[in-house]
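Residue numbering restarts at 1 for every chain, and letters A, B, ... go by the order of the sequence lines. Note that the structure is predicted; figures quoted are calculated from it, not measured.
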Amino acid sequence: MKIAFSTSGNDLNAPLDTRFGRAAKFLVYDTETQAFTLVDNTQNMSAAQGAGIQAAQNVAAAGAQAVVSGHCGPKAFRMLSTANIKVYTSNAATVAEALSQFQAGALTELTAANVDGHWA
Amino acid sequence: MGTGRNRMIIAVASGKGGTGKTTVAANLARVRGDVTLLDCDVEEPNVHLFISGEPQGEPEVVSLLVPEVDESRCDGCAACSNFCAFKALAVLDKRVLVFAEMCHGCGGCARVCPQGAIREVPKRVGVVETMGAGGVTVVQGRLDVGVAMAPPLVRAVKAHIPKTGDAILDAPPGTSCPVVATLRETDFVVLVTEPTPFGLNDLKLAVEVVRELGLPFGVVVNRADSSDDRVTTYCREASIPILAEIPDDRRVAEAYSRGELMVDALPEYRPLFEQLYTDIVRLLQNPLIAGVARASCPCFMGGTPMPRGALQGPHC
């Protein structure tokens, strides 16, 4: 399966970004090939609104079946749920640490947004 | 517009909050008397604290038209979400998700849908209330709790600008969409500031906005004292007229805290606001200024430094 991690860096040692919608990019890790690709999300960093929605579209288009980030707001969560993408939160410092938490089954799946939206 | 106008629309704005927009707008309205005072700060209207009156009719409910998708007709082509600049629609796995709280109500999605699957349905955003207070008619917008989309309600408030007779608009603070919605199609903007570093910084931002909109404007310095002259220096160098300076007077703050208008509690301030009104009218009747404003001439827009009071460049 493919897992999308929000990050500001370019490899597994990069920091896990606690923000989903306004993360600079997503590191999409394929557990079968153990390889990853990077998905740019910088268009959302200065978006006036709708960053979470667009970010969810980006990870869906990348074929991810799971997202690991620090937080997930209501609109992003609704998008990800619709796309059948599971959302996990982690307080790991790096993507690699979050990945090992995920593979050890140490992350809990979100059943609802864990932060409020920025609009309404 | 231009000269010979039979009405004048003055907006009172500021980059920084708490500089005295409402104070200036409400006192200006009081000395003018026969005028409509519109509170466009729909997220927290407060004009009514200083000038109130009998409600005139029931509050007018304002709604925005937002998309509703008929899933039986939608084929998931994403024409709507590609069109929407505000991400109010998103398509995932051929399914459309509507985020009505993000919608600005432009109606574009319904127009571009090739299947005719989108219809627009009203979503309430707030109310507009009208009160009669002596000669002053107060109109205020009140955004519903939880609604973030102020501009449509600002436009609904502005629909109450009378066809004849003057109007004074109390703008929201800042420089974002609700402010722009307030300032558009006004005749003159009064930018209220205070002689502090914050006041100056946010004044500069507000000046950029009114210049972009091509509107004639001047500055009122509130809580003026002699300790910080950076605002006056900036205005002089940028050729911005300072229309009035309201002194830093503790009695003004005390009257404010009791919900009293400055010109009622301290009549010695009446001439200041009468003069302010007269000066704005004079500026607008100056054909150079009126023409300059419409043509967005760079000389009025502060292209070259001019002495205080000089409102047009040598070539005008």
Side-chain angles (χ1 to χ4, degrees), chain A residues 1-4 6 19-23 26 28 39-67 69 71-87 110-120, chain B residues 42-44 62-64 66-67 69 71 74 76-106 108-109 123-126 142-153 172 174-181 209:
Chain A
M1 76 183 292
K2 287 181 178 174
I3 312 157
S6 54
R19 302 162 308 168
F20 173 70
R22 291 182 196 274
F26 294 102
V28 181
V39 176
D40 184 71
N41 194 49
T42 46
Q43 74 203 75
N44 286 332
M45 293 179 77
S46 58
Q49 60 175 52
I53 295 169
Q54 184 62 47
Q57 276 189 315
N58 290 346
V59 297
Q65 289 105 39
V67 161
S69 186
H71 301 287
C72 184
K75 291 189 277 290
F77 189 82
R78 193 177 143 207
M79 287 286 291
L80 295 168
S81 308
T82 304
N84 291 316
I85 298 171
K86 296 183 189 321
V87 187
L110 278 187
T111 52
N114 74 337
V115 285
D116 285 337
H118 302 295
W119 287 74
Chain B
V42 300
E43 288 171 81
E44 40 187 8
V62 178
S63 298
L64 193 63
V66 301
V69 180
E71 289 187 11
C74 173
C77 74
C80 55
S81 64
N82 290 337
F83 179 85
C84 183
F86 302 104
K87 309 271 183 256
L89 299 127
V91 177
L92 272 175
D93 297 339
K94 300 277 175 193
R95 275 192 58 201
V96 181
L97 277 78
V98 178
F99 295 90
E101 67 273 34
M102 317 277 277
C103 174
H104 286 235
C106 78
C109 53
K123 172 178 178 278
R124 183 187 146 127
V125 292
R142 196 185 284 276
L143 200 65
D144 284 350
V145 171
V147 174
M149 208 59 66
L153 187 54
T175 52
S176 63
C177 299
V179 178
V180 175
V209 173

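- For the pair A:Ala83 and B:Asp93, the tightest heavy-atom approach, listed with the atom from each and the gap, is CA-OD2, 3.8 Å.
- Two residues are said to be in side-chain contact when any heavy atoms from C-beta on lie closer than 4.5 Å; B:His104 and A:Gln49 meet this criterion.
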Could you check A:Lys75 against B:Glu101 for side-chain contact (heavy atoms from CB on, under 4.5 Å), going step by step and ending with a plain yes or no?
-> CA-CA 10 Å; A:Lys75 291 189 277 290; B:Glu101 67 273 34; 3.4 Å; yes
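- Heavy atoms of other residues, nucleotides or ligands lying less than 6.0 angstrom from CD of A:Gln43 number more than 12.
- Below 4.5 Å, heavy atoms of chain B meet heavy atoms from A:Ile53, A:Gln54, A:Gln57, A:Ala60, all part of residues 51-63 of chain A.
- Separation of atoms CG (B:Leu97) and CE (A:Met79) is listed at 6.0 Å; rounding is to 0.5 Å.
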